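What follows is a set of notes on a single structure, which appears directly below.
Being a predicted model, the structure only gives us computed values, none of them experimental. Just so we're on the same page: letters track the sequence lines, and every chain starts at 1.
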Amino acid sequence: MLVLNEILKNKDAVVKALAKKHFKADDIVEKIIELDKDRRETKSRLDEVLAESNKIAKEIGALYKAGKKDEADAMKVKTAQLKETGKELNDKFDLLQEQITKCIVELPNTPCELVPEGKNAEDNLIVHREGDFPQLPANALPHWELAKKYNLIDFELGNKVTGAGFPFYRGYGARLQRALITYFLNSAINRGFIEYQPPLVVNEASGFGTGQLPDKEGQMYHCTVDNFYLIPTAEVPITNIYRDVILKQEDLPIKNVAYSSCFRREAGSYGKDVRGLNRLHEFDKVEIVEISTQEDSYKILDEMVEHVASLVRGLGLPFRIVRLCGGDISFTSALTYDFEVYSAAQEKWLEVSSVSNFESFQANRLKLRYKNSEGKTVLAHTLNGSALALPRIVAAILENYQTEDGIRIPEVLQHFMGCDFISESNKI
RNA sequence: GGAGAAAUGGCAGAGUGGUCGAUUGCGGCAGUCUUGAAAACUGUUGUACCGUCAGGUACCGGGGGUUCGAAUCCCUCUUUCUCCGCCA
């Protein structure tokens, strides 16, 4: 959520910035200003009443000590009215506070200047493109056919045991997953990230902390008996480590990496986009999360983008980096780069990573702060990115690396796979 | 799952109804001393909100209550520890 004082101070700038996200903010901002004025007045009056009550209480105490019981009892009468007005003002203050928060929570994060104008994905800015499209054999197949042919992934079995969108990986398919996870984690560790293995289930407070709740409640699997949620990304537990935490400036930047399964209900998405591995309810992902000072966050965003690029490059997949436009960028993000790999048999660009700087938007909600060099406690900046999401990478590898009689394995994975080629003759 | 104990400032740890925002120690910061450092000594040291200032208000795990007045009493929730049971 945005910071109240910033909204009050720079209301025109906030309204203008949010217009880029096609969000009409002026009504809400006006309402916030009005509510806040009322809140300040109420607070002043409440404080006066409390001060008066405290004063009387002290006098009564003094009288009791002096043994003047009658005078003390007489004074008690005075407090009844004060107590009542105090309670009224207090209730009013709480209500106003609540209403203000409710308004602020409706406001998306302000996009940074680099975010291009635009309505939808077509207006995103391609900032980088790398790698050549592969020459596929004449009998090239989409990955779901290849997965079946070489016994790598069993979608039907997933349907039987759980439901659509929960595939089984087996044999070399399972090994490929494990190889990718290891490759991604090792690469991050080599860049100084600390590896975490988080819980896959979080409580309600954590869901609020990273903003999944209350808006995206329907997108998460909910264990109602214990009021737990299955995580849609490791971002949720990893970022919530720092909920209500005050860090030291010398702790920053914090660089965490976590592999986790991710669970998404994906309510409402059907059709050809969900074919095969393109969209699943449960999938694996390695996520990087960084916490930085306010000054360094954009430098760190660039570093994260470079790290993700090195992963895709290492796998030899053609990819492009797009800077999301105002209409396509998420509610919480100030600047986002998406990575798309080209999946040659489907002839489609598949989104495999999304790297974002949230500036202080998440930190404000999390109450994640640090003491800066002047000793002042200020909000930290948070960033995260997929590095990387597995299923679409697997899809692209299967499709792009297929030959007439098998699937080659990218060199960086061969050691973890224990083979360099999957074929009819060696399939498991 | 059952029984009991506890939760206080950066940390340790007092405080069981009124000058307690909280004794004290450690740590931190500033100073004295010293060529420098250490030690010793002296002072200082939480956060948020309201107010132009003076100042005021709130905060002793969270929430509610009793009282003129709550860190202190009551209820409730959470967490931690000890014991018992169960178990990978």
Length of the line joining [X]:[atom1] and [N]:[atom2], which is rounded to integer Å:
| X | N | atom1 | atom2 | value |
| --- | --- | --- | --- | --- |
| A/L96 | B/C49 | CG | C1' | 14 Å |
| A/K371 | B/G10 | NZ | P | 8 Å |
| A/E98 | B/C49 | CD | C1' | 18 Å |
| A/F93 | B/G56 | CZ | P | 19 Å |
| A/D244 | B/U78 | CG | C1' | 14 Å |
| A/D38 | B/C50 | CG | P | 13 Å |
| A/K87 | B/G65 | NZ | C1' | 11 Å |
| A/E204 | B/C77 | CD | P | 18 Å |

May I ask you to decide whether [X] forms a salt bridge with [Y], counting only side-chain N to carboxylate O separations under 4.0 Å?
| X | Y | value |
| --- | --- | --- |
| A/E250 | A/K248 | no |
| A/E30 | A/K11 | yes |
| A/K43 | A/D47 | yes |
| A/K87 | A/D91 | yes |

TODO: Enter the distance from A/I288:CD1 to A/I238:CD1 here, rounded to the nearest 0.5 Å.
DONE: 12.5 Å

Task: Spacing of CG belonging to A/N384 relative to CZ belonging to A/F358, to within rounding of 0.5 Å - done: 4.0 Å

- [ ] Summarise how protein sits on nucleotides 58-63 of chain B as a single string, 5' to 3': B when a protein heavy atom is under 4.0 Å from the base, S for sugar-phosphate-only contact, - for no contact.
- [x] S-----

Say you pick atom [atom1] in [N] and the same atom in [M]; how far apart are they, in whole Å?
| N | M | atom1 | answer |
| --- | --- | --- | --- |
| B/U52 | B/U47 | C1' | 23 Å |
| B/C59 | B/A70 | P | 9 Å |
| B/G36 | B/U32 | C1' | 16 Å |
| B/G21 | B/A3 | C1' | 37 Å |
| B/C73 | B/C60 | C1' | 16 Å |
| B/U44 | B/G51 | P | 31 Å |
| B/G17 | B/C11 | C1' | 29 Å |
| B/A58 | B/U72 | P | 15 Å |

Scan every strand shown for a Watson-Crick or G-U wobble partner of [N], both distances under 3.5 Å, and answer none if you come up empty.
| N | result |
| --- | --- |
| B/C68 | B/G18 |
| B/A12 | B/U24 |
| B/C29 | B/G43 |
| B/A3 | B/U82 |
| B/A88 | none |
| B/C49 | B/G56 |

Task: Closest nucleotide among B/C50, B/U67, B/G18 to the A/A57 side chain - done: B/G18

Open item on the list: Go nucleotide by nucleotide along RNA chain B from the 5' end; which of A/A51 and A/R369 gets its closest nucleotide reached first?
Closed with: A/R369

- [ ] Between A/D94 and A/I56, name the one whose nearest nucleotide on RNA chain B is closer to the 5' end.
- [x] A/D94

Open item on the list: When you measure from the side-chain N and O atoms of A/K65 to the phosphate of B/U19, is any distance below 4.0 Å, counting only OP1 and OP2?
Closed with: no

Open item on the list: I want to check one thing: is the phosphate of B/G51, taken as OP1 and OP2, less than 4.0 Å away from some side-chain N or O of A/R40?
Closed with: yes

TODO: Would you check if the distance from the ring center of A/F228 to the ring center of A/H222 is below 6.0 Å?
DONE: no

TODO: Using a 4.5 Å cut-off on heavy atoms from C-beta on, say whether the side chain of A/N109 contacts that of A/L2.
DONE: yes

Task: Heavy atoms from other residues, nucleotides or ligands near CD of A/E113 exceed 12 (cutoff 6.0 Å) - done: no

